[in-house]
Colleague: 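Supplied in structure tokens, the structure appears directly below.
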Amino acid sequence: MRAAFSRSRTGLAGAVIAVSLAAGAVSCADGKSADATPDWSTGPTELCGGNAVSAEAGKALKVITGASRFEGSGPDGTVAFAAKWLGEGYDSPAPNDGDICHIYAKNSAAADRLEATWKLVWGPLKGEPAAKFRVLPMGVRALAAPDAGSIRFACRSEKLPGSTPAHIHIDVERRSLKDPEGDPEQLTDAYATVVHSFALAMAKELRCENDGGLEPRPVLDPA
């Protein structure tokens, strides 16, 4: 029995080798390298957990980055993870700010990225925004510029206990050694669209009443 089993294993091994060689021949015939690096990039609407970037915001990301394919976000770089962290840390000594997601265009440098972040804030708005920002009527206050966007919205939710709504600040900011490229007005619209998408996704994930007062689509005209 052992000899018969050995011959069977030898025949199977030979068949596997033959199939592998044939597959390699087909790969070479197609002009593809057998050891080519797999493409793990994703489309924009798959970023940051798959519910953070709307189709409209995906187009805006192309305006900002010039790219339509992006590096994967990883399991911790999601709106769901950020909302869980925010909810567990609310009304506790835990940190009251954190990352949502970092967005890298495919094959981009490590120093060239978009950072989406959240922060819990208290008290009234303070000071006037910098001159580069356009003030938009979204949430409590929304700002957009050719290299950044932010939205502050009020959230009343069973996940965030308290007698008053929690105020949540969402930022999307470019980190790059290069100046923004493109029309400033189009870039400003793009950042407003992307930050609105993240803010709305966070409001929905936290189950804020009335989605934190955010409209289903971004408002791009000044307040």
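When reading the values below, keep in mind they use all heavy atoms of this one structure, side chains included, and skip hydrogens, waters and symmetry mates.
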Colleague: Check this for me: does any side-chain nitrogen of one of R207 and E205 sit under 4.0 Å from a carboxylate oxygen of the other?
Modeller: no
Colleague: Using every non-hydrogen atom in the two residues, find where P165 and A154 come nearest and quote the distance to one decimal.
Modeller: CB-CB, 4.0 Å
Colleague: Are L86 and L206 packed together at the side-chain level, in the sense that at least one heavy-atom pair is separated by less than 4.5 angstrom?
Modeller: yes
Colleague: Can you tell me how far the OG1 atom of T45 sits from the CG atom of L47, to the nearest 0.5 Å?
Modeller: 8.0 Å
Colleague: Do any N or O atoms from the side chain of S41 and from the backbone of E71 form a donor-acceptor pair under 3.5 angstrom?
Modeller: no
Colleague: For R152 and L125: C-alpha separation, side-chain torsions, deciding distance, then whether side chain to side chain contact (heavy atoms under 4.5 Å, CB included) applies.
Modeller: CA-CA 10 Å; R152 177 173 174 172; L125 292 167; 3.2 Å; yes
Colleague: Supply the atom-to-atom distance D97 CG to D171 CG, rounded to the nearest 0.5 angstrom.
Modeller: 10.5 Å
Colleague: When you compare the side chain of L214 with that of I151, does any pair of heavy atoms fall below 4.5 Å?
Modeller: yes
Colleague: Looking at R134 and E185, does any basic side-chain N land under 4.0 Å from a carboxylate oxygen?
Modeller: yes
Colleague: Can you confirm whether P180 sits close enough to R174 that some side-chain heavy atom of one is under 4.5 Å from a side-chain heavy atom of the other?
Modeller: yes
Colleague: Out of curiosity, does Y191 fall in the hydrophobic cluster containing V219 (side-chain heavy atoms, cut-off under 4.5 Å, transitive links)?
Modeller: yes
Colleague: Looking at G58 and P44, what are the two nearest heavy atoms and their distance?
Modeller: CA-CB, 3.7 Å
Colleague: Identify the two heavy atoms, one from H169 and one from S150, that lie closest to each other, and give their separation to 0.1 Å.
Modeller: NE2-CB, 3.6 Å
Colleague: Does K132 have more than 12 heavy atoms from other residues, nucleotides or ligands lying within 6.0 Å of its NZ?
Modeller: yes
Colleague: Under 4.5 Å between side-chain heavy atoms, hopping through other hydrophobics if needed: is there a path connecting L120 to F153?
Modeller: yes
Colleague: Rounded to the nearest 0.5 Å, what separates atom CD in E88 from atom NZ in K159?
Modeller: 10.0 Å
Colleague: Could you tell me if the side chain of I64 sits less than 4.5 Å from the side chain of L114, heavy atoms only?
Modeller: yes
Colleague: What are the two closest heavy atoms between C155 and L160, and how far apart are they?
Modeller: SG-CD1, 3.9 Å
Colleague: For L220 and L136, work out which heavy atoms get closest and say how close.
Modeller: O-CD2, 3.2 Å
Colleague: If hydrophobic clusters are built by linking Ile, Leu, Val, Met, Phe, Trp and Tyr wherever their side-chain heavy atoms come under 4.5 Å apart, do V53 and F81 end up in the same one?
Modeller: no
Colleague: Using 0.5 Å steps for rounding, measure from the CG atom of N96 to the CD1 atom of I168.
Modeller: 11.5 Å
Colleague: Measure the CG-CZ distance between N51 and F198 for me, rounded to the nearest 0.5 Å.
Modeller: 9.5 Å
Colleague: Quick check: do C48 and T78 have side-chain heavy atoms less than 4.5 Å from each other?
Modeller: no
Colleague: Check whether any side-chain heavy atom of S108 lies under 4.5 Å from a side-chain heavy atom of F70, and answer yes or no.
Modeller: no
Colleague: In Å, rounded to the nearest 0.5 Å, how long is the span from NZ of K59 to OG of S54?
Modeller: 9.5 Å
Colleague: Side chain to side chain contact (heavy atoms under 4.5 Å, CB included) between I170 and M202: does it pass, once the steps are laid out?
Modeller: CA-CA 9 Å; I170 304 296; M202 180 69 89; 4.3 Å; yes
Colleague: Should V135 and L143 count as side-chain neighbours, where that means a heavy-atom distance under 4.5 Å?
Modeller: yes
Colleague: Shortest non-hydrogen contact from A67 to A105?
Modeller: CB-CB, 3.6 Å
Colleague: Is the shortest side-chain N to carboxylate O distance from K204 to D211 below 4.0 Å?
Modeller: yes
Colleague: Can you tell whether the side chains of E56 and R217 come within less than 4.0 Å, N to carboxylate O?
Modeller: yes
Colleague: Only one of V172, T193, I103 passes side-chain contact (heavy atoms from CB on, under 4.5 Å) with L61; say which it is.
Modeller: I103
